[in-house]
Amino acid sequence: MAEISIAVDGPGSSGKGTVARKVAEELGYQFVDTGAMYRTVGLLALRAGVDPRDAEATARIAAAIRFRFAFADGRLRVYADDADVSEAIRGEEVGKAASAVAVHPAVRTALLALQRGLGNEGGVVMDGRDIGTVVLPDAQLKVYLDAALDERARRRWMEHPERSFELVKAELAARDLQDSTRATAPLRRADDAVLVDSTGRGIDEVVAEIVALARARRA
Ligand code: DC
């Protein structure tokens with residue numbers, strides 16, 4: 001049976017990461033979280049005192065990172081230059097910096113070859129914003145995973161209950177706007193992507209739907 005490449009795109013807190021990881025587990029595929037790469041560039045920029053809006057400096061950082069991905073206890077670990085950044089990249093500030101560095105074409109180019117290298121062999125589920133449109137335009141299955149803003153904001157708020165719901169929602173909306181209106185590789189549903197709306201649905205149900213689509217395409 002030919003193993004396929006699966007692209008999963010969508011806005012923040014649409015459930016992409018969890019869904020894509022579980023789909024990969026069920027199919028025995030590799031899971032690639034491209035958001036983690038942008039987050040790592042954002043993290044290293046913040047640590048170095050570099051403004052995430054600085055295109056040249058952030059592109060230099062992106063080009064120099066040696067990434068390594070590993071699984072431990074079913075979870076993805078991300079290493080940058082041998083340092084484990086898996087937890088550090090999940091903060092809200094880093095998410096904001098990731099969205100800012102992701103605007104720069106030179107940063108995207110630096111990460112693109114790496115992402116294609118991981119995705120072109122098949123047997124992979126890759127999640128991000130531009131996987132179906134730019135990174136893997138020939139993916140055999142493309143999914144655009146969406147959910148209503150209120151529900152996505154609620155999901156994110158549950159991860160950061162110490163913050164105000166209204167603030168979490170406003171930040172999420174601002175991030176979506178930045179990701180979908182940038183000039184290079186904006187968040188967009190590919191013409192041939194299957195739209196999956198996870199509003200009001202459980203993770204397992206969404207995973208089952210995508211796994212069924214994948215099995216039909218690789219048969
Ligand atoms: O999915 P995430 O929240 O971990 O992604 C963090 C940021 O990285 C997101 O706001 C936009 C950027 N990103 C991107 O531009 N392209 C991708 N393929 C993945 C993420």
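Whatever order the structure lists them in is the order used to number ligands and atoms, beginning at 1. Hydrogens, waters and symmetry mates are skipped; everything else that's a heavy atom, side chains included, is used.
Counting heavy atoms closer than 4.0 Å to ligand 1, residue Arg182 contributes side-chain atoms (C-beta onward) but none from N, CA, C or O. Here Gln115 has no heavy atoms under 4.0 Å from ligand 1, in either its backbone or its side chain. Neither the backbone nor the side chain of Gln178 has any atom closer than 4.0 Å to an atom of ligand 1 (non-hydrogen atoms only). Heavy atoms of Arg175 found under 4.0 angstrom from ligand 1 belong exclusively to the side chain.
In this structure, the side chain of Glu151 does not engage the main chain of Thr199 through any donor-acceptor pair within 3.5 Å.
The 12-atom threshold is exceeded at CZ of Arg201, counting heavy atoms of other residues, nucleotides or ligands nearer than 6.0 Å.
Residue Ser99 approaches ligand 1 through these ligand atoms, each under 4.0 Å from one of its heavy atoms: 10 (O). Short contacts between ligand 1 and Lys16, defined as distances under 4.0 Å to a heavy atom of the residue, involve ligand atoms 1 (O). For ligand 1, the atoms lying closer than 4.0 Å to a non-hydrogen atom of Gly128 are 17 (C), 18 (N), 19 (C).
Considering backbone and side-chain atoms alike, Asp179 places an N or O below 3.5 Å from some N or O of ligand 1.
Of all protein heavy atoms, the one lying nearest to atom 3 (O) of ligand 1 is Arg39 NH2, 3.0 Å. Summary of contacts: the protein heavy atom closest to atom 19 (C) of ligand 1 is Thr34 OG1, 3.3 Å. For atom 7 (C) of ligand 1, the nearest protein heavy atom (residue, atom name, distance) is Ala98 CB, 3.7 Å. The nearest heavy-atom contact from the protein to atom 13 (N) of ligand 1 is Tyr38 CD1, 3.6 Å. Remark: minimum distance from atom 12 (C) of ligand 1 to any protein heavy atom is reached at Ala102 CB, 3.7 Å.
Judged by the 6.0 Å distance and 45° axis criteria, Arg21 is not positioned over the aromatic ring of Phe31.
Looking only at side-chain heavy atoms (C-beta outward), Val196 and Tyr144 stay at 4.5 Å or farther from each other.
Hydrophobic clustering keeps Val135 apart from Val143 (ILVMFWY residues linked when any side-chain heavy atoms are closer than 4.5 Å, directly or through intermediates).
In this structure, Met37 does not count as a contact residue of ligand 1, since none of its heavy atoms falls inside 4.0 Å of the ligand.
Across the listed options Lys96, Met126, Arg129, Arg108, Arg108 owns the non-hydrogen atom lying nearest to atom 15 (O) of ligand 1. Comparing Asp33, Thr133, Asp130 by heavy-atom distance to atom 18 (N) of ligand 1, the nearest is Asp130.
Looking at Arg175, Gln178, Arg182 one by one, the single match for side chain to side chain donor-acceptor pair (under 3.5 Å) with Ser99 turns out to be Gln178.
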Q: Begin from the C-alpha positions of Lys96 and Glu93 and carry the test salt bridge (Lys or Arg N to Asp or Glu O under 4.0 Å) through to its verdict.
A: CA-CA 5 Å; Lys96 224 185 273 179; Glu93 274 314 298; 3.7 Å; yes
Name each donor-acceptor pair under 3.5 Å that joins a side chain in residues 6-17 to protein atoms two or more places apart or in another chain, with its distance.
{"residue": "Asp9", "atom": "OD1", "partner": "Arg129", "partner atom": "N", "Å": "3.1"}
{"residue": "Asp9", "atom": "OD1", "partner": "Asp130", "partner atom": "N", "Å": "3.1"}
{"residue": "Asp9", "atom": "OD1", "partner": "Ile131", "partner atom": "N", "Å": "2.9"}
{"residue": "Asp9", "atom": "OD2", "partner": "Ile131", "partner atom": "N", "Å": "3.2"}
{"residue": "Asp9", "atom": "OD2", "partner": "Gly132", "partner atom": "N", "Å": "2.7"}
{"residue": "Ser13", "atom": "OG", "partner": "Arg156", "partner atom": "NE", "Å": "2.9"}
{"residue": "Ser13", "atom": "OG", "partner": "Arg156", "partner atom": "NH2", "Å": "3.2"}
{"residue": "Ser14", "atom": "OG", "partner": "Pro11", "partner atom": "O", "Å": "2.9"}
{"residue": "Ser14", "atom": "OG", "partner": "Leu145", "partner atom": "O", "Å": "3.4"}
{"residue": "Lys16", "atom": "NZ", "partner": "Gly10", "partner atom": "O", "Å": "3.4"}

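Thr18 and Arg155 share no donor-acceptor pair across their side chains, judged by distance under 3.5 Å alone.
Using a 4.0 Å cut-off between charged nitrogen and carboxylate oxygen, Arg152 and Asp176 count as a salt-bridge pair.
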